[in-house]
Amino acid sequence: MENVLVKKFVQICNYLQDPNHVARFQRFCGVQGTFCHKPNKPESGESQPDCPGLRKRVQQGEQSSDVGSFNRAARDATVPQVNGMQGDVAVGPDGASAAADVNLDTAIAKPLRRNSLTGDVGQEFLIHNKFLFYLFTLGTELGNEMFFIIFFPFLFWNIDALVSRRLIVVWAWNLFVGQSTKDMVRWSRPASPPVVKVEVFYNSEYSMPSTHAMTGTALPFCLFMLTYGRWQYPFLFGFSVALSWSVLVCVSRVYMGMHSVLEVITGFLYSLLVLAFFQPILDRIDTFYMMGHYAPLVVVVSHVSMGLVAFSLDSWSTSRGDTAQALGTGAGAALASHVNYQLGLLLDPPLSALPLTLPTISTGLVVRSLLRFLIGVTVLLITRMIMKALTIPFLCRLFGLPSDDVRRARQHMKVELPYRYIVYGVVGFSCVCFVPLLFRILNLA
């Protein structure tokens, strides 16, 4: 009986891991690749699975009657492969399959960002449903660095510092667990073809589990867990927002062609397991970070140790940098929380003031919130830019490495690990300690 259940479980996992499910979902959502039906054979004899089809430019303002002549011309075309631009149309080997689908709602697109490790810019694809493209692009951005550098500060400066502090703890640990698991399991991204790579930035990383799905589940549900009862709002509203956020991020990873259905489901469930572990101890962790005499030492040792574990799992990849970045940010924020408490700079509202209510929205409140946000984020971005410009050349000189190729220099653990900790540790510290002090000086607190 047990063997039957195990075999059935393995069959279900293999079924959910099939990249054809990803490709079918992409086609359902209006994403069409520009693959050759038959892979080209280079001189080495090895096939090239990601070759684009022949493409021909459709001039702006072209009438629908011209499409037929375009198809006939494409059937006879033997031009070499070219890089497409806005207005290009993918043409398959039959010369007409892609062109026949062209309409006013179709757009040519390429991944927005190149691969962070290889520099690959990705391949063109057709978008037949622009609304879903923009929706899922938003969903996947909810798991990227720029969102975090906006979301956590806004929450800390304008809404609830306690919630933001604790959310950063869960986020850092969640990423560490997810990225470390990726590098132990070592599953490749879904095969392309049949999958269309709408995003290529993380394509060089391993894929099991989806850390986007993990952070996209941990953040909204942890936010709901920390604010419900502390703030006054209906349970159903908070739960619906958390679930919608999570589903949007999870589904976007399949749409982008970055994860299989199994990897997204695993990331979702894995994140809930991490939340279940942290829920009863999160208050004690936050209290220790602020009040513990040895908290600074424990924070530095624990976060650096976890980074060393992550970096020792495999050769360098972008997941290593993301892990160290999250741990560095968490360490900086924890150290700043300790300094704030010891100096009495930022005190949480007393328990007698709970539950908190949202203040009446007024012009003055909106203006002050926007000023805090814009000034604060500007300071953080400038801080990050300056620290990056100073840290990498310094570390390269320190370890005798050439600094002319930043991407190659950062593939050395002795450069990447301290670089991430120093830069994002300073950013995290600035967010929690320095920027609020600046707000006091500018009378924006």
Side-chain angles (χ1 to χ4, degrees), residues 112-114 116-117 119 141 144-158 161 164-165 168 171-172 175 201 296 299-300 303-304 307 311 316 318-340 343 345-346 370-445:
L112 297 177
R113 296 179 297 172
R114 65 180 61 194
S116 57
L117 178 61
E141 287 299 323
N144 289 337
E145 175 189 353
M146 189 51 63
F147 170 72
F148 298 136
I149 207 170
I150 292 174
F151 173 72
F152 289 126
F154 182 85
L155 185 64
F156 188 90
W157 300 330
N158 292 311
S164 183
R165 288 197 313 265
I168 290 174
W171 168 71
L175 263 182
F201 184 74
V299 166
V300 172
H303 284 69
V304 172
F311 270 76
W316 187 89
T318 51
S319 65
R320 232 50 103 255
D322 292 340
T323 304
Q325 178 174 310
L327 293 173
T329 304
L335 293 174
S337 299
H338 183 81
V339 171
N340 285 341
L343 298 180
L345 298 177
L346 289 176
L370 287 177
L371 283 175
R372 282 197 294 263
F373 176 72
L374 294 175
I375 293 173
V377 169
T378 301
V379 170
L380 295 186
L381 292 176
I382 292 174
T383 300
R384 186 182 67 162
M385 179 181 65
I386 293 175
M387 293 303 299
K388 277 186 173 182
L390 295 176
T391 304
I392 295 180
F394 169 76
L395 292 171
C396 288
R397 285 196 297 269
L398 181 64
F399 297 109
L401 298 172
S403 58
D404 53 335
D405 190 339
V406 174
R407 182 183 288 115
R408 184 175 297 275
R410 284 173 50 183
Q411 293 181 21
H412 295 273
M413 172 180 169
K414 53 190 175 183
V415 172
E416 178 77 349
L417 187 60
Y419 152 71
R420 293 281 187 167
Y421 273 105
I422 293 172
V423 172
Y424 289 95
V426 172
V427 170
F429 189 91
S430 298
C431 173
V432 176
C433 185
F434 175 73
V435 173
L437 286 177
L438 179 62
F439 291 158
R440 285 192 177 190
I441 296 173
L442 299 176
N443 197 28
L444 292 173

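It should be emphasised that the depicted structure is a prediction, and the values quoted were computed from it without experimental measurement.
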Show your working on side-chain contact (heavy atoms from CB on, under 4.5 Å) between W157 and V377 and close with a plain yes or no. CA-CA 10 Å; W157 300 330; V377 169; 4.1 Å; yes
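- For the pair F201/N144, no side-chain contact is recorded, criterion being any heavy-atom separation below 4.5 Å from C-beta on.
- From M387, atom CE reaches atom CD1 of I382 across 14.0 Å, with rounding to the nearest 0.5 Å.
- Atom CG of L345 sits about 11.0 Å away from atom OG of S337, to the nearest 0.5 Å.
- Not a single donor-acceptor pair under 3.5 Å links the side chain of R165 to the backbone N or O of V432.
- Side chain of S164 to backbone of L155: no donor-acceptor contact under 3.5 angstrom is found.
- Considering CG of L175 and CG of L327, their distance stands at 8.5 Å, rounded to 0.5 Å.
- Two residues are said to be in side-chain contact when any heavy atoms from C-beta on lie closer than 4.5 Å; V435 and P153 fail this criterion.
- A donor-acceptor pair under 3.5 Å links the side-chain atoms of Y421 to the main chain of H303, judged by distance alone.
- Of all heavy-atom pairs between P418 and L395, the closest is CG-CD1, 3.8 Å.
- Within 6.0 Å of CZ in F434 there are 12 or fewer heavy atoms belonging to other residues, nucleotides or ligands.
- By the 4.5 Å heavy-atom criterion applied to side chains, L381 and I149 are counted as neighbours.
- Shortest non-hydrogen contact noted between C433 and A336 is CB-CB, 3.7 Å.
- Within a 6.0 Å radius of CZ in F439, other residues, nucleotides and ligands contribute more than 12 heavy atoms.
- Taken from CG in L437 to CG in L442, the straight-line distance is 11.0 Å, to the nearest 0.5 Å.
- Residues forming a salt bridge (charged side-chain N to carboxylate O under 4.0 Å, His left out) with R372 (at least two apart in sequence, or on another chain): none.
- Listed here is the closest heavy atom pair of P436 and C431: CD-O, 3.4 Å.
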Could you check T383 against V423 for side-chain contact (heavy atoms from CB on, under 4.5 Å), going step by step and ending with a plain yes or no? CA-CA 8 Å; T383 300; V423 172; over 6 Å; no
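- In this view, F399 satisfies the ring pair (Phe, Tyr, Trp, His ring centres under 6.0 Å) rule with no residue, not counting sequence neighbours.
- The aromatic rings of F148 and W171 sit tilted relative to each other, their planes meeting at an angle between 30° and 60°.
- Closest approach of L380 to S430, counting heavy atoms only: CD2-CB, 3.9 Å.
- Atom CG of L417 sits about 10.5 Å away from atom OG1 of T323, to the nearest 0.5 Å.
- Atom CG of L390 is separated from atom CE of M385 by 10.0 Å, given to the nearest 0.5 angstrom.
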